[in-house]
Chemist: 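Just passing along the structure, written as structure tokens.
This is a predicted model, so every value here is computed, not measured. Chain letters run A, B, ... following the sequence lines, proteins first, then strands; residues in each count from 1. Computed from heavy atoms alone, side chains included, the values below leave out hydrogens, waters and symmetry copies.
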Number of protein chains: 2
Amino acid sequence: MNIQFKKGVLELCVLTLLNRKDYYGYELVENISGFIMISEGTIYPLLRRFRSDGYVTTYLEESQEGPPRKYYSLTGKGRDVLIILQEEWESFVNGVNLLLRGVDDDQE
Amino acid sequence: MNIQFKKGVLELCVLTLLNRKDYYGYELVENISGFIMISEGTIYPLLRRFRSDGYVTTYLEESQEGPPRKYYSLTGKGRDVLIILQEEWESFVNGVNLLLRGVDDDQE
DNA sequence: ATTTAGTACCTTGCATAATAAGGTAGTGTG
DNA sequence: CACACTACCTTATTATGCAAGGTACTAAAT
């Protein structure tokens, strides 16, 4: 898979999932991996960024299957960013698809 | 517009346009700008990369409206890359959209 | 004649983000 | 006790988009 395509889109994916429920990092990797290739080295720095930007808050919970899990919870600010990113993603894909399909933008 | 979204996609856009006809750099910027934001500082390095990778060949032509134009012509290798990129783009957008729409990947 | 605007090319340095590759620890199984 | 799996994390590398700058040609306006 083309690495470059993912730039910025993973933010949208993670925020979208966190808008449904709280996730811990490893769980996000497993979930997103079902749709697009992703590695842990990508998600943890991204989550740290989200926390320092105030998009999420975190809390720890013990696990019976391994080390404690750090859960991420979307904030109001995070939700605002999500909405903007959703719109940007939609109009971006739209623009690209128009270009790929050969629609002539010069006509009116 | 989110800069990150563009990463890698501009290659696809430029190759797609060059597959229809030869373009000169400035013309590509003007055309693509109709669909997604782009600047000259992006396109010229990309075109240099394409040439050194053998995706395009170039030739000069005089212009009555200014300095000579450097036209870019897609090679067979460039066309092969275009086909791969098209498929990757489609499956990538598909994966992202499934995730965004909340389709449960665990079910079968 | 000189300035301005438009066309058309180019480069350098910066910012961003994904990843590979590595590390630390806990739990449970052979 | 070694191994696999879960779960967290960091660092260095890589790629690419862009702002900001530059050069040079043509044509119209001052």
Side-chain angles (χ1 to χ4, degrees), chain A residues 1-15 22-33 35-53 55-56 58-72 81 85 88-89 92 95-96, chain B residues 1-15 22-33 35-53 55-56 58-72 81 85 88-89 92 95-96:
Chain A
M1 172 174 299
N2 192 314
I3 294 173
Q4 302 302 325
F5 285 165
K6 295 179 218 176
K7 299 284 171 94
V9 179
L10 287 176
E11 283 198 1
L12 173 59
C13 291
V14 170
L15 289 175
D22 294 355
Y23 280 87
Y24 56 97
Y26 193 80
E27 194 183 11
L28 282 169
V29 175
E30 284 193 312
N31 191 309
I32 296 175
S33 292
F35 301 96
I36 53 179
M37 269 184 259
I38 193 179
S39 73
E40 290 183 66
T42 305
I43 215 79
Y44 289 114
L46 183 151
L47 289 169
R48 293 193 122 257
R49 225 158 55 226
F50 277 178
R51 191 161 75 155
S52 76
D53 289 346
Y55 298 173
V56 298
T58 61
Y59 56 94
L60 284 173
E61 258 182 33
E62 286 184 44
S63 163
Q64 286 106 5
E65 301 168 66
R69 297 163 172 171
K70 187 187 271 185
Y71 280 87
Y72 293 82
V81 173
L85 270 182
E88 285 186 340
W89 170 247
F92 174 74
V96 171
Chain B
M1 173 175 299
N2 191 315
I3 296 173
Q4 301 303 322
F5 285 164
K6 294 179 221 177
K7 298 282 172 92
V9 181
L10 287 176
E11 282 198 0
L12 173 59
C13 292
V14 171
L15 290 176
D22 294 356
Y23 280 87
Y24 57 96
Y26 193 80
E27 195 184 11
L28 281 169
V29 174
E30 283 193 313
N31 191 308
I32 296 175
S33 292
F35 301 96
I36 54 179
M37 269 183 257
I38 193 178
S39 74
E40 290 183 66
T42 304
I43 215 79
Y44 288 114
L46 184 150
L47 289 170
R48 293 193 122 259
R49 225 158 55 227
F50 276 179
R51 190 162 75 155
S52 74
D53 289 347
Y55 298 175
V56 297
T58 61
Y59 56 93
L60 285 172
E61 259 182 32
E62 285 184 44
S63 164
Q64 285 108 4
E65 301 169 66
R69 298 163 171 170
K70 189 188 270 184
Y71 280 87
Y72 293 83
V81 172
L85 270 182
E88 285 186 341
W89 170 249
F92 175 74
V96 171

Chemist: Rounding to a whole Å, what distance do you find between B/Phe5:CZ and D/dA15:C1'?
Modeler: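 Those two atoms, CZ and C1', are 18 Å apart.
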Chemist: Give a yes/no on whether any side-chain N or O of A/Ser63 is located under 4.0 angstrom from OP1 or OP2 of C/dG26.
Modeler: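 The answer is no; no side-chain N or O of A/Ser63 sits under 4.0 Å from OP1 or OP2.
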Chemist: If you find the nucleotide of DNA chain C closest to A/Lys6 and the one closest to A/Pro67, which residue's nucleotide is nearer the 5' end?
Modeler: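 Its nucleotide being nearer the 5' end, the pick is A/Lys6.
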Chemist: For A/Tyr24, enumerate each residue passing the side chain to side chain donor-acceptor pair (under 3.5 Å) test, keeping only those at least two apart in sequence or located in another chain.
Modeler: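 Side chain to side chain donor-acceptor pair (under 3.5 Å) check on A/Tyr24 returns A/Arg69.
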Chemist: For B/Gln4 and D/dG17, what is the distance between atoms CD and P respectively, to the nearest whole Å?
Modeler: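 Answer to the nearest Å: 10 Å.
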Chemist: Taking atom C1' of D/dT6 as reference, at what distance in whole Å does atom CD of A/Glu27 sit?
Modeler: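 Computing the A/Glu27:CD to D/dT6:C1' distance gives 12 Å.
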Chemist: How many angstroms lie between atom CG of A/Leu15 and atom OH of A/Tyr72, to the nearest 0.5 angstrom?
Modeler: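 Rounded to the nearest 0.5 Å, the CG-OH separation comes out at 13.0 Å.
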Chemist: Whole angstroms only, please: what is the CD-P distance between A/Glu30 and D/dT6?
Modeler: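 About 6 Å, once rounded to whole Å.
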Chemist: Does B/Glu30 have any salt bridge (Lys or Arg N to Asp or Glu O under 4.0 Å) partners at least two apart in sequence or in another chain, and if so, which?
Modeler: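 B/Glu30: no salt bridge (Lys or Arg N to Asp or Glu O under 4.0 Å) contacts found.
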Chemist: DNA chain D: B/Gly66 or B/Arg49, which has the more 5' nearest nucleotide?
Modeler: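 Its nearest nucleotide being more 5', the pick is B/Arg49.
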Chemist: I need the CG-P distance between A/Leu60 and D/dT6, as an integer number of Å.
Modeler: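 Atom-to-atom, A/Leu60 to D/dT6, this comes out as 19 Å.
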Chemist: Whether B/Tyr26 contacts C/dT7 is assessed here as follows: a side-chain N or O lying under 4.0 Å from the phosphate OP1 or OP2. Is that the case?
Modeler: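 So the side chain of B/Tyr26 is within the cut-off, an N or O lying under 4.0 Å from OP1 or OP2 of C/dT7.
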Chemist: Would you kindly give the CD-to-P distance between A/Gln64 and C/dT29, to the nearest whole Å?
Modeler: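 From A/Gln64 CD to C/dT29 P: 13 Å.
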Chemist: Rounded to whole Å, how long is the line connecting atom CG of A/Asn31 with atom P of D/dA7?
Modeler: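 It works out to 14 Å between those atoms.
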Chemist: Just jot down the ring-ring contact (aromatic ring centres under 6.0 Å, His included) partners of A/Phe5, sequence neighbours excluded, or say none.
Modeler: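 Expected list: B/Trp89, B/Phe92.
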Chemist: Identify all side-chain donor-acceptor contacts of residues 58-67 of chain B below 3.5 Å with residues at least two apart in sequence or on another chain.
Modeler:
from, atom 1, to, atom 2, distance (Å)
B/Thr58, OG1, B/Arg51, NH1, 2.7
B/Tyr59, OH, B/Asp22, OD2, 2.6
B/Ser63, OG, B/Glu65, N, 3.0

Chemist: Hey, does the side chain of B/Tyr24 come within less than 4.0 Å of C/dA8's phosphate (OP1/OP2), counting only N and O?
Modeler: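 The answer is yes; a side-chain N or O of B/Tyr24 sits under 4.0 Å from OP1 or OP2.
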Chemist: What is the distance from CZ of B/Arg69 to P of C/dT7, rounded to the nearest Å?
Modeler: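 Rounded to whole Å, this separation is 10 Å.
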Chemist: For A/Tyr23, what residues pass the ring-ring contact (aromatic ring centres under 6.0 Å, His included) criterion, not counting sequence neighbours?
Modeler: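 Per chain and number, A/Tyr23 pairs via ring-ring contact (aromatic ring centres under 6.0 Å, His included) with no residue.
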Chemist: Flag the pair B/Ile38 / B/Cys13 as yes when at least one side-chain heavy-atom distance between them is below 4.5 Å, and no otherwise.
Modeler: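 They are not in side-chain contact.
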Chemist: Could you run down nucleotides 10-15 of chain C 5' to 3' and tag each one B, S or - for protein heavy-atom contact under 4.0 Å?
Modeler: BB----
